[in-house]
Amino acid sequence: MTAREQGIVAEALVREYRGGIRAVDGIDLRVAEGEIYGFLGPNGAGKSTTVHMLTTLLPPSSGTARVGGFDIVREGPRVRAAIGAALQEAALDPLLTGREHLRLQAALHGLSRADRRSRGEALLERVGLTLAADRKVRTYSGGMKRRLDLALALVHAPRLLFLDEPTTGLDPQSRSALWQEVGRLAKEEGVTVFLTTQYLEEADVLADRVGIIDHGRIVAEGTPSGLKAEIGRPSVEAVPANPDERHRLTQLLERFGEPAQGSPNGVAVRLETGTESLVEIVRALDAEGLDVSHLQLHAPSLDDVFLAKTGRSLEGAAEEPSAEPARA
Amino acid sequence: MRAGALGAVLSVAGGVAWRTIHNVFTTPSLLLPGVLFPLLNFTAFAGGLSRLHDLPGFDFPPGYTAFQFVFILLQSAVFGGVFTGFGIARDFETGFTRRLLLAAPHRSGIVLGYAIGAAVRWLFTATVVTAVAFAVGMEVGGNGVDLFGLYALALLANVAGILWSTGVVMRLRTMQAGPIIQTPVFLALFFAPVYVPLDLLQGWIHGVASVNPVTHLLETGRSFVAGDAAGAGLAFAIAIGLAAGFALWALRGLRKAEAAG
């Protein structure tokens with residue numbers, strides 16, 4: 001990717017807070033134009049700090065980055081004109097209506113009066129807020145606020161979109177609708193999307209590529225399927241219906257792969273071939289008259305990737321205290 | 001600044017000012033304190049202390065109501081700016097400032113927008129206070145030009161007030177900045193000759209008032225009302241100097257806020 005290309009390029013980006021805490025500790029990123037890049041990590045890993053630097057809200061302590069072809073330190077105004085951003089907290093003015101928010105946002109971006117109106121109406125319709133457009137935002141639900149926030153980020157038709165944990169706190173229906181819209185923006189409009197999330201499923205469903213950040217450093221990067229393939233093959237676990245037949249079950253399963261960590265009552269093996277072995281296992285169990293109370297195929301997940309790269313589960317790591325200082 | 005950049009600054013300023021004005025004029029709890037506070041002071045000072053006009057050496061022909069009106073007008077102007085500073089602090093606490101910083105290509109327009117919004121808000125207050133003052137019989141010796149000078153001086157004080165408070169808020173980014181904003185403003189206003197002319201003050205308060213720049217604004221404002229524009233040049237120079245100095249203070253504060261994220 002050349003410097004003037006439209007994606008995101010970061011090199012050795014660092015943000016150090018007082019007391020020497022490095023929220024972001026020398027990350028390198030390359031996000032191609034039109035790509036959805038999922039930035040995955042637990043709370044306090046440095047996701048939001050990275051987004052704040054790339055969106056010019058926070059200057060880096062060292063390192064460089066270009067967003068949309070513009071340097072985030074020297075060409076801040078041009079970066080801001082090129083990007084849209086919906087940050088973690090949808091900071092909206094409770095005294096304004098949805099339509100008034102769009103009007104204000106359009107004015108901030110310097111849109112003409114005619115464009116403000118037409119763009120605002122189109123976006124309200126797209127995010128399904130036309131009927132609520134003239135209600136004060138203080139009456140909106142969390143999902144409506146998120147949708148309005150997305151509309152605000154899109155008001156000036158940006159080439160790049162930063163979404164910082166966009167679905168946190170949303171119900172499954174709203175989450176799915178937002179995923180659809182983000183996918184459409186990238187595929188139909190060619191918008192580059194930089195998405196931070198702590199939800200594995202979100203990164204798996206949406207992202208073309210994923211970067212996993214932990215303690216301010218990128219510990220893994222690649223396509224979700226590539227990352228999962230990198231850390232290993234699928235495993236299968238079975239629990240015998242009769243505990244006395246545990247030994248026989250172990251012998252049978254070990255014909256299909258090497259032993260793996262399973263539950264206390266179960267027997268697990270990592271399959272030598274792919275998931276197609278499951279059919280063979282079922283046939284073998286039937287042929288040998290072995291009854292099982294539980295049979296589960298476990299394909300590697302992004303959490304397994306995180307576990308393999310950091311020695312911790314992402315779900316557990318999310319509960320750890322944040323390394324980033326508290327922010328207003 | 002290039003024409004395109006200037007247009008972008010003005011567009012940002014227009015949006016921020018519109019929001020301030022919209023919120024103030026659609027929310028009574030935001031509008032009324034800024035109007036009632038000066039009216040209450042006007043009633044207390046001009047009504048309750050009117051016998052001060054009879055003091056030996058108190059020479060102000062338009063009367064004590066007009067004498068106090070000038071102080072109330074300036075006070076409302078400066079505090080109009082201060083109240084807007086509280087609004088900016090609230091925006092920092094709710095994260096709304098982050099939205100402005102993210103969306104505005106040229107961020108100096110944010111400060112300009114807050115200043116314009118504060119000025120419009122104060123002009124409404126000034127209109128109400130003036131109407132009430134005339135309604136209760138205030139006499140004015142000056143002509144239209146003198147009164148224009150008075151309001152121009154007060155508008156500059158308003159701009160200085162908003163830029164002072166903006167500079168503080170941009171550095172502290174919390175509502176807890178309130179006392180730091182208000183205390184110097186209170187001191188500057190009340191160490192000026194509020195109740196009697198400067199000549200009638202004695203002792204240390206006379207010394208402090210003599211070097212207090214607000215004294216020159218107040219005395220000149222009263223001269224305008226009396227129809228004598230004495231000292232207008234110095235007063236405008238002080239007001240413009242304060243506004244320019246606090247503009248730099250506010251813009252440097254904005255840079256600090258940007259650096260802090």
Side-chain angles (χ1 to χ4, degrees), chain A residues 15 17-18 23 48-49 51-53 55-61 70 73 75-97 100-113 116 136-137 149 152-153 155-156 158 162 164 324-325 327-328, chain B residues 1-31 87 89-110 113 117 169 172-177 255-261:
Chain A
R15 178 64 197 193
Y17 288 107
R18 280 180 198 162
S48 293
T49 303
V51 167
H52 289 177
M53 285 192 284
T55 56
T56 77
L57 271 177
L58 192 65
S61 304
F70 304 113
V73 175
E75 299 174 290
R78 301 182 80 174
V79 171
R80 289 191 287 278
I83 66 169
L87 299 186
Q88 210 164 349
E89 309 89 17
L92 302 168
D93 185 337
L95 298 176
L96 297 182
T97 65
E100 288 165 347
H101 270 92
L102 281 160
R103 176 181 165 179
L104 170 62
Q105 191 85 4
L108 295 173
H109 282 292
L111 268 63
S112 69
R113 286 184 187 279
R116 284 177 206 179
K136 301 269 189 205
V137 161
D149 201 20
L152 294 172
V155 81
H156 58 303
F162 287 85
D164 192 5
E324 293 177 46
R327 302 166 69 84
Chain B
M1 187 180 284
R2 290 179 294 109
L6 179 63
V9 168
L10 293 177
S11 187
V12 171
V16 174
W18 170 82
R19 170 178 171 252
T20 304
I21 294 162
H22 171 276
N23 283 357
V24 166
F25 287 98
T26 57
T27 315
S29 61
L30 293 179
L31 178 65
R90 196 161 44 244
D91 283 346
F92 268 106
E93 292 201 340
T94 60
F96 198 83
T97 307
R98 193 169 282 169
R99 174 177 298 288
L100 300 178
L101 290 171
L102 253 178
H106 292 276
R107 291 165 169 171
S108 50
I110 298 171
V169 168
L172 300 179
R173 300 179 292 281
T174 167
M175 287 293 283
Q176 291 169 12
R255 301 295 166 244
K256 286 184 183 293
E258 287 177 319

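In what follows, every heavy atom counts, from backbone to side chain, and hydrogens, waters and symmetry copies are set aside. Lettering follows sequence order; numbering is per chain, from 1. Note that this is a predicted model, so its numbers are computed, not measured.
Taking every heavy atom of both residues into account, B:Phe96 and A:Leu92 meet most closely at CD1-C, 3.9 Å. The two atoms that bring B:Ser11 and A:Gly110 nearest to each other are OG-CA, 3.2 Å, heavy atoms only. A pairwise comparison of heavy atoms in B:Ala259 and A:Pro59 identifies O-CD, 3.3 Å as the closest pair. Taking each heavy atom of A:Leu96 and B:His22 in turn, the nearest pair found is CD2-ND1, 3.4 Å. For A:Leu58 against B:Ala260, the heavy-atom pair with the smallest separation is CD1-O, 3.4 Å.
Here B:Asp91 pairs with B:Arg19 under the salt bridge (charged side-chain N to carboxylate O under 4.0 Å, His left out) rule; sequence neighbours left out. With sequence neighbours left out, B:Arg90 forms a salt bridge (charged side-chain N to carboxylate O under 4.0 Å, His left out) with no residue at all.
Only the side chain of A:Arg116 comes within contact range of chain B, judged by heavy atoms closer than 4.5 Å. With a 4.5 angstrom heavy-atom cutoff, B:Thr94 touches chain A only via backbone atoms. When heavy atoms are compared at a cutoff of 4.5 Å, B:Leu30 approaches chain A solely by way of its side chain, counted from C-beta outward.
For the atom pair B:Asn23 CG and A:Glu100 CD, the distance stands at 8.0 Å (nearest 0.5 Å). One distance of note links CG of B:Leu102 with NE2 of A:His109; it measures 8.0 Å at 0.5 Å rounding.
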Could you go step by step and tell me if A:Asp149 and B:Arg99 meet the side chain to side chain contact (heavy atoms under 4.5 Å, CB included) rule?
-> CA-CA 10 Å; A:Asp149 201 20; B:Arg99 174 177 298 288; 2.7 Å; yes
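Side-chain atoms of A:Leu108 and B:Val16, non-hydrogen and from C-beta on, do get closer than 4.5 Å to each other. Side-chain atoms of A:Thr56 and B:Arg107, non-hydrogen and from C-beta on, do get closer than 4.5 Å to each other.
With chain B as partner, the option from A:Val155, A:Leu104, A:Thr55, A:Leu111 having the largest number of non-hydrogen pairs under 4.5 angstrom is A:Leu104. Interface remark: of the candidates B:Ala257, B:Ala103, B:Ala104, B:Gly14, B:Ala103 forms the most heavy-atom pairs closer than 4.5 Å to chain A.
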